[in-house]
Number of protein chains: 2
Amino acid sequence: MAKKQVTFADIAEYTGFSKTTISRYFNHPDSLTLENQEKIAKALDELGYRKNKLARVLANGKSEFVGIIVPNLYLHYYSEMLTQLLRSYSDYHYKFLVFVSDGGPEKEMQYLDELMAYKIEGLIVLSHTLSSEKLASYNIPVIAIEREAEHICSVTTDNYMGGMQATSLLIRNQCDVLIHINVHVPENIPAYDRIRAFEETCREYHVPYELNLNVSGDSYQELFEQMRVIFQDIDSKYSGQKKGIFLSNDTYANMFLNLIFQKYNCLPDEYQIIGFDDSPIAAESIIPITTVGQQIDVIAQTTMELLVEQMNEMKKRKPAPLQKPIHKKITPVLIRRQTTGD
Amino acid sequence: MAKKQVTFADIAEYTGFSKTTISRYFNHPDSLTLENQEKIAKALDELGYRKNKLARVLANGKSEFVGIIVPNLYLHYYSEMLTQLLRSYSDYHYKFLVFVSDGGPEKEMQYLDELMAYKIEGLIVLSHTLSSEKLASYNIPVIAIEREAEHICSVTTDNYMGGMQATSLLIRNQCDVLIHINVHVPENIPAYDRIRAFEETCREYHVPYELNLNVSGDSYQELFEQMRVIFQDIDSKYSGQKKGIFLSNDTYANMFLNLIFQKYNCLPDEYQIIGFDDSPIAAESIIPITTVGQQIDVIAQTTMELLVEQMNEMKKRKPAPLQKPIHKKITPVLIRRQTTGD
DNA sequence: TTGTATGCGTTATCAA
DNA sequence: TTGATAACGCATACAA
């Protein structure tokens with residue numbers, strides 16, 4: 001606030017119109033004669049007017065703010081999703097208030113308080129910290145992305161399809177035994193379907209399989225050492241058999257691949273590897289890794305469409321909020337590279 | 001705006017106090033008796049009051065908004081920087097309006113317009129799209145991170161130091177010839193100092209060197225194919241000599257390493273490799289890559305300190321904006337891993 | 001310690 | 001097509 005702002009009052013005085021007319025110049029320009037429009041435009045320029053959208057929000061209640069809560073940006077999946085969401089500014093002109101959720105439920109509720117205090121019109125949640133029940137209680141449109149969403153709308157990858165695509169490929173490629181490596185995944189989050197799909201597909205085709213859901217750890221090093229143990233176990237246990245390894249993400253897949261290389265200096269025919277996410281690492285690894293690519297752009301776009309629709313609904317005189325949450329699934333794409341034969 | 005908001009007027013009526021007193025409860029609670037504080041707290045709770053910070057901004061002029069313009073979140077450097085900046089919410093309670101700048105100068109000026117309309121108190125710019133002169137003209141505190149910043153404050157990695165650390169290590173490790181691989185970097189941006197440092201250090205120690213600043217390309221594949229040509233050239237040209245390769249980022253370093261592996265199945269003693277950034281890929285590669293780590297957390301923290309100081313200055317009755325921009329350099333850290341001997 | 005009056009910059013309502 | 005006036009919700013002189 002170096003110098004006082006130029007306001008509608010100033011423009012009004014300068015042009016001889018009323019404040020109302022200046023306001024109309026912005027909101028209903030057609031109701032002014034072209035001549036007067038130009039007069040005002042000229043005055044705006046000469047006085048160096050700058051909009052104050054905060055005052056506008058106070059007057060009409062439309063903040064054009066959307067809140068985003070994301071767990072981190074370390075994972076490519078999240079940073080890419082955030083990018084795509086932010087990009088939607090071009091289409092909808094919603095502004096995004098972004099919080100990284102890394103402090104547990106209390107912190108996250110504080111973020112939500114802050115967002116509500118700034119009168120966000122809608123919310124996009126990627127973190128898993130708060131229950132969908134809690135989120136629903138804020139009474140604004142909420143879309144969950146790839147998380148538990150019993151009481152709110154959601155957009156997720158079709159994880160079952162993804163898991164099935166990966167598993168089927170390994171089976172088609174004549175693997176003797178399939179192994180799925182993952183962290184422990186609660187049954188109520190979408191990614192659990194990858195495990196279900198793996199298991200059910202293996203059974204359907206009567207292919208021997210093993211589930212290893214014990215991965216855990218905070219640092220890359222910890223995870224890598226765990227993976228080393230898992231690798232050694234598998235490598236000796238199934239020696240001589242053709243092994244199809246389906247890992248829950250590309251980082252794990254890359255670790256596994258590196259471990260194989262450390263031992264064999266190449267990817268032997270008796271190993272096939274598939275990751276998940278189509279992260280950069282899958283392309284940058286020592287051998288490009290076959291992976292299941294989530295259509296992040298489509299997910300982001302679907303999210304915004306769903307959200308905008310509901311935010312528009314809320315602006316009507318008699319809003320009719322959704323009775324039941326809408327859940328959308330986006331089909332992933334199998335990206336065949338060099339770790340699954342040629 | 002489902003039901004009408006609960007406002008200070010409602011609380012005032014309910015408690016028998018005036019609106020002013022309710023306002024004071026939030027802004028100068030000490031001026032109320034404990035008893036009355038509790039009364040008001042109770043009323044707030046019972047009526048389900050929710051703050052409206054937008055109204056507050058209109059009244060006192062402090063939006064607590066900071067704008068961020070970032071080129072992309074694809075590069076780990078940017079996503080990590082954004083994370084660290086967003087994290088500073090815990091310390092300063094500034095809210096961040098984030099834009100991804102991918103549409104050229106016109107788009108970016110549109111973003112700035114929008115940010116100004118929301119009365120941001122300060123701006124953090126990581127994109128290179130607009131000149132520092134243009135940015136300075138907005139008359140709000142601006143901090144540039146790792147970019148041209150003649151007319152505005154900036155925080156950058158000490159690129160010269162980083163380049164020198166990398167080059168020195170290769171020299172200490174008895175390399176016969178040093179090669180620096182980079183894109184073409186304009187001289188006025190901070191990263192140019194890496195090249196300067198490389199060249200000057202090589203000269204100082206009378207070590208033969210080569211600069212290759214021809215890397216360019218949009219996709220990973222394009223870049224990789226270019227890198228293949230560069231590798232083959234170097235591999236034959238300096239056959240038998242111990243080569244120290246300093247690459248401008250870890251992605252390039254990883255490509256180079258993979259190319260070496262494709263040919264030799266290992267990292268021969270006659271190759272030493274150093275990247276830059278300490279991105280995840282440097283740790284996840286087939287052999288962990290030695291790299292120069294930027295202290296992103298320190299950069300973010302320094303940025304916020306600098307910005308907050310100036311934003312506070314602007315709130316004084318007689319603000320004294322900086323006469324000359326302040327430029328801070330943050331020392332990087334050499335991270336020795338397995339691509340530079342043991 | 002508390003209240004009154006006014007302002008912040010815009011939009012909405014109602015008239016003209 | 002234009003204008004006067006009252007919101008919007010909160011903060012701050014100034015008084016008491």
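Since the structure is predicted, the reported quantities are computational estimates derived from the model, not experimental observations. In what follows, every chain begins at residue 1, and chains take the letters A, B, ... in the order their sequences are listed.
A close approach under 4.0 Å does occur between a side-chain nitrogen or oxygen of A/T21 and OP1 or OP2 of D/dG3. The shortest distance between the side-chain N/O atoms of B/Q5 and the OP1/OP2 oxygens of D/dC8 is not below 4.0 Å. OP1 or OP2 of C/dG3 lies within a sub-4.0 Å distance of a side-chain N or O belonging to B/S18. Of the side-chain N and O atoms in A/N36, one or more sit less than 4.0 angstrom from OP1 or OP2 of D/dT2. Between A/N52 and the phosphate of C/dT10, there is no side-chain N or O to OP1/OP2 separation shorter than 4.0 Å.
By the neighbour-count criterion of 12 heavy atoms within 6.0 Å, atom CD of A/E13 is sparsely surrounded, having that number or fewer from other residues, nucleotides or ligands.
Side-chain atoms of A/S31 and base atoms of D/dT2 include no donor and acceptor less than 3.5 Å apart. Checked by distance alone, B/R50 brings no side-chain donor or acceptor within 3.5 Å of a matching partner on the base of D/dG9.
The residue B/L32 sits close only to the backbone: its heavy atoms come under 4.0 Å of sugar-phosphate atoms, none of a base. Contact annotation for A/K19: base contact, defined as any heavy-atom pair under 4.0 Å involving a base atom. Using a 4.0 Å heavy-atom distance criterion, B/F26 is classed as making no nucleic acid contact. Across all strands shown, A/T20 has heavy atoms under 4.0 Å from base atoms, whether or not it also approaches the sugar-phosphate.
Nucleotide D/dT2 holds its P atom 9 Å from the CD atom of A/Q37, rounded to whole Å. Regarding A/K315, its NZ atom lies at a distance of 12 Å from the P atom of C/dA12, rounded to whole Å. The separation between A/N27 atom CG and D/dT2 atom P is 15 Å, rounded to whole Å. One can place NZ of B/K119 at 21 Å from P of D/dC10, the figure rounded to the nearest angstrom. In this structure, A/I22 atom CD1 and D/dG3 atom C1' are separated by 12 Å, rounded to whole Å. In this entry the distance linking NZ of B/K39 with C1' of C/dT1 reads 13 Å, nearest Å. Following rounding to the nearest Å, A/E13 (CD) and C/dG9 (C1') show an atom-to-atom distance of 16 Å. We find that NZ of B/K51 is positioned 11 Å from P of D/dC10, with the value rounded to whole Å.
Under the 30°/60° scheme for interplanar angles, the aromatic rings of A/Y111 and B/Y89 are found to stand perpendicular.
Look at A/K328 and A/E305 and you find no salt bridge, because none of the NZ, NE, NH1 or NH2 atoms lies under 4.0 Å from a carboxylate O.
Taking the six-membered ring where the residue is Trp, the centroids of A/F17 and A/Y25 are separated by 6.0 Å or more.
Nearest-nucleotide positions on DNA chain D place A/A55 closer to the 5' end than the other of A/A55 and B/V57. Residue-to-nucleotide proximity on DNA chain C shows that, of A/A9 and A/R24, the 5′-proximal contact is made by A/A9.
There is a side-chain donor-acceptor pair under 3.5 Å between A/S132 and A/E148.
For B/F17, counting side-chain heavy atoms from C-beta on, the closest listed nucleotide (C/dG3, C/dG9, C/dT11) is C/dG3. Between D/dT2, D/dG9, C/dT11, one nucleotide has an atom nearer to the side chain of A/N60 than all others, and that is C/dT11. Here C/dT1 is the nucleotide among C/dT1, D/dG9, C/dG3 with the atom lying nearest to any side-chain atom of B/T33.
Residue pairs satisfying the ring pair (Phe, Tyr, Trp, His ring centres under 6.0 Å) criterion with at least one member in residues 35-55 of chain B, sequence neighbours excluded, are listed as follows: B/F8-B/Y49, B/F26-B/Y49.
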